[in-house]
Number of protein chains: 2
Amino acid sequence: MPGPVFVVLDGWAIRYKILPGGSRQIISFLMPGDFCDMHVAVLTEMDHSIATLSDATIVTIPRHQMEALTEIRPALARAFWWTQLVDEGVLRATIVSMGRRTSLERVAHLLCELSFRMRNIGIATDDHCEMPFSQIVLADAVGLTPVHVNRVVGRLRRAGALEVTAGTLIVASLSRMVEIAGFDDNYLHRRLKRIGANSTGQHM
Amino acid sequence: MPGPVFVVLDGWAIRYKILPGGSRQIISFLMPGDFCDMHVAVLTEMDHSIATLSDATIVTIPRHQMEALTEIRPALARAFWWTQLVDEGVLRATIVSMGRRTSLERVAHLLCELSFRMRNIGIATDDHCEMPFSQIVLADAVGLTPVHVNRVVGRLRRAGALEVTAGTLIVASLSRMVEIAGFDDNYLHRRLKRIGANSTGQHM
DNA sequence: CGCACGGTTGAAGCGGCTCAATCTGGGTGG
DNA sequence: CCACCCAGATTGAGCCGCTTCAACCGTGCG
């Protein structure tokens with residue numbers, strides 16, 4: 001298994017793909033603490049790209065070290081395994097959002113997901129989740145036009161759920177955002193509950 | 001790790017989620033040979049459902065047996081690992097499709113993916129891939145209305161890429177479909193190349 | 001100062017949705 | 001064997017959400 005594993009320590013990163021026409025689709029967000037196993041590099045060619053949003057510090061862990069670690073501490077192997085399962089859950093949730101939610105719900109849902117994840121790692125509170133990216137990035141993530149995202153963002157702001165400055169979005173009321181999105185943190189709770197439980201060695 | 005692993009032997013299945021409003025989004029298709037590890041059941045509650053399309057035969061492998069297998073034959077563990085990576089790649093491709101492709105491309109792209117996967121397991125050829133599901137199912141998979149999917153299907157048929165009968169769709173010309181979809185089988189080739197290579201024990 | 005980029009807003013066009021009707025083949029009860 | 005029924009396919013008409021095009025503004029920066 002060639003290729004190292006990456007971990008985001010500070011700053012944000014995204015997985016994305018540029019289509020022949022030039023448009024970009026952001027597939028997922030990586031925030032501090034997230035593993036960015038370049039799975040894909042393990043296979044053949046990469047089918048998508050990874051980039052950082054503004055400055056970020058990324059740690060590299062050589063693959064052999066990784067394997068040594070998981071061999072010594074099986075609990076780690078399980079933790080990694082779970083991490084991947086959760087990531088898959090997030091991807092599935094994204095598909096559901098893109099397929100069957102209105103633009104308002106879709107934007108709100110994404111902001112909720114990111115807010116919850118930020119809260120979980122302690123870089124946000126219920127009334128202040130600061131997302132360090134532009135509305136353009138948001139647009140490429142939810143599959144809409146920057147122009148239309150801007151209008152949606154306006155609605156969220158007028159609803160008192162969001163605040164906006166150039167280059168960053170701030171979720172000012174998670175509860176309101178959750179309500180608008182019809183957000184069910186089930187699939188993320190899992191991330192918490194199990195990874196937390198697992199780290200104490202209760203399972204298997 | 002509770003919960004058995006499932007393998008589809010015959011027939012098709014889908015992962016899907018029903019939203020509060022009653023609409024359904026199909027997340028992925030499972031065809032013969034596909035593992036349907038109920039990952040999620042391993043975690044807490046399921047965040048989506050699985051169902052078969054028409055009759056199907058599913059094999060159940062108890063978890064402990066699975067673990068015994070992978071212990072005896074590490075190559076199997078790697079194969080499962082890869083399978084999961086590939087599945088993730090498919091999910092990512094789906095997200096890209098839903099976000100940035102037109103309805104025509106989107107439908108064609110899905111049909112291409114399924115056709116290639118069917119060809120890979122030997123249940124279809126370049127000019128005859130028979131999909132055992134209705135346009136309604138297709139609609140729920142690509143995030144469109146049955147009515148509109150029907151119009152798109154009409155266009156594909158008039159382009160000579162597709163044939164339609166009640167309850168089944170037949171890709172009559174993969175090459176034409178690929179052209180319409182702008183399909184790049186890269187992310188699936190991987191499935192072939194690597195899993196094939198892996199089974200010979202070349203890696204790691 | 002001027003430029004570039006992100007945000008904001010308006011107007012017009014189009015793609016996909018909704019509503020609704022018709023058609024078809026297959027399955028059912030009589 | 002026939003009348004009936006139903007799900008899926010098909011087609012038309014009108015509506016609405018999102019895109020496109022096109023301004024204009026504010027701000028950070030070379």
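Throughout, protein chains are lettered first and strands after them, A, B, ... in sequence-line order, and every chain is numbered starting at 1. From a predicted model like this one, the values you see are computed outputs, not experimental measurements.
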Colleague: Taking the six-membered ring for Trp, are A:Phe6 and A:Phe35 closer than 6.0 Å centroid to centroid?
Modeller: no
Colleague: For the backbone of A:Leu144 and the side chain of B:Arg100, can you confirm whether one donor and one acceptor N or O come within less than 3.5 Å of each other?
Modeller: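 Side chain of B:Arg100 to backbone of A:Leu144: a pair is present.
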Colleague: With respect to the side chain of B:Val164, which nucleotide from C:dG6, D:dT10, C:dC17 is positioned closest?
Modeller: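 Nearest to the side-chain atoms of B:Val164, counting from C-beta on, is D:dT10.
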Colleague: Verify, without hydrogens or angle tests, whether B:Arg157 (side chain) and B:Leu162 (backbone) share a donor-acceptor contact under 3.5 angstrom.
Modeller: no
Colleague: Using whole Å, what does the distance between atom P of nucleotide C:dG7 and atom CG of A:Leu169 come to?
Modeller: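 Interatomic distance, CG of A:Leu169 to P of C:dG7: 7 Å.
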Colleague: Can a side chain N or O of B:Asn150 be found less than 4.0 Å away from OP1 or OP2 on D:dA9?
Modeller: no
Colleague: What is the separation between atom CE on A:Met131 and atom P on C:dG7, rounded to the nearest whole Å?
Modeller: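 Taking CE of A:Met131 and P of C:dG7, I get 15 Å after rounding.
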Colleague: For B:Ala166 and for B:Ser103, locate the closest nucleotide of DNA chain C by heavy-atom distance; then report the residue assigned to the nucleotide nearer the 5' terminus.
Modeller: B:Ser103
Colleague: Hey, are B:Lys17 and B:Asp47 close enough for a salt bridge, meaning a charged N less than 4.0 Å from a carboxylate O?
Modeller: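 Salt bridge absent between B:Lys17 and B:Asp47.
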Colleague: Hey, does B:Gly154 reach any base, or is it just sugar-phosphate, or nothing, if we go heavy atoms under 4.0 Å?
Modeller: nothing
Colleague: Would one find a side-chain N or O of A:Gln135 under 4.0 angstrom from OP1 or OP2 of C:dT8?
Modeller: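 The answer is yes; a side-chain N or O of A:Gln135 sits under 4.0 Å from OP1 or OP2.
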Colleague: Closest approach to the side chain of A:Leu144, judged atom by atom: which nucleotide of C:dT18, D:dC18, D:dT10 is it?
Modeller: D:dC18
Colleague: Among D:dG8, D:dC18, C:dT8, which nucleotide has an atom closest to any side-chain atom of B:Ser134?
Modeller: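 Of the candidates, D:dG8 comes closest.
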Colleague: In whole angstrom, what separates A:Leu162's CG from C:dG7's P?
Modeller: 11 Å
Colleague: Rounded to the nearest Å, what distance is computed from the CG atom of residue A:Leu156 to the P atom of nucleotide C:dG7?
Modeller: 14 Å
Colleague: What integer distance in Å separates A:Glu105:CD from D:dC18:P?
Modeller: 10 Å
Colleague: Nearest whole Å is fine: how far is C:dA4 C1' from A:Ile136 CD1?
Modeller: 11 Å
Colleague: Can you identify which nucleotide, out of C:dC17, C:dG10, D:dC18, has its nearest atom closest to the A:Val147 side chain?
Modeller: C:dG10
Colleague: Does the D:dG12 base have a donor-acceptor partner in the side chain of B:Arg151 within less than 3.5 Å?
Modeller: yes
Colleague: Would you mind telling me which of C:dG16, D:dT10, C:dG7 lies closest to the side-chain atoms of B:Arg157?
Modeller: D:dT10
Colleague: Would the distance check show the side chain of B:Ser173 and the main-chain N or O of B:Arg176 forming a donor-acceptor pair, the cut-off being under 3.5 Å?
Modeller: yes
Colleague: In this structure, how many angstroms lie between the C1' atom of C:dC17 and the CZ atom of A:Arg100, rounded?
Modeller: 11 Å
Colleague: Measure CG/A:Asp140 against P/D:dC18 and give the value in whole Å, please.
Modeller: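 Spelled out: CG on A:Asp140 to P on D:dC18 is 16 Å.
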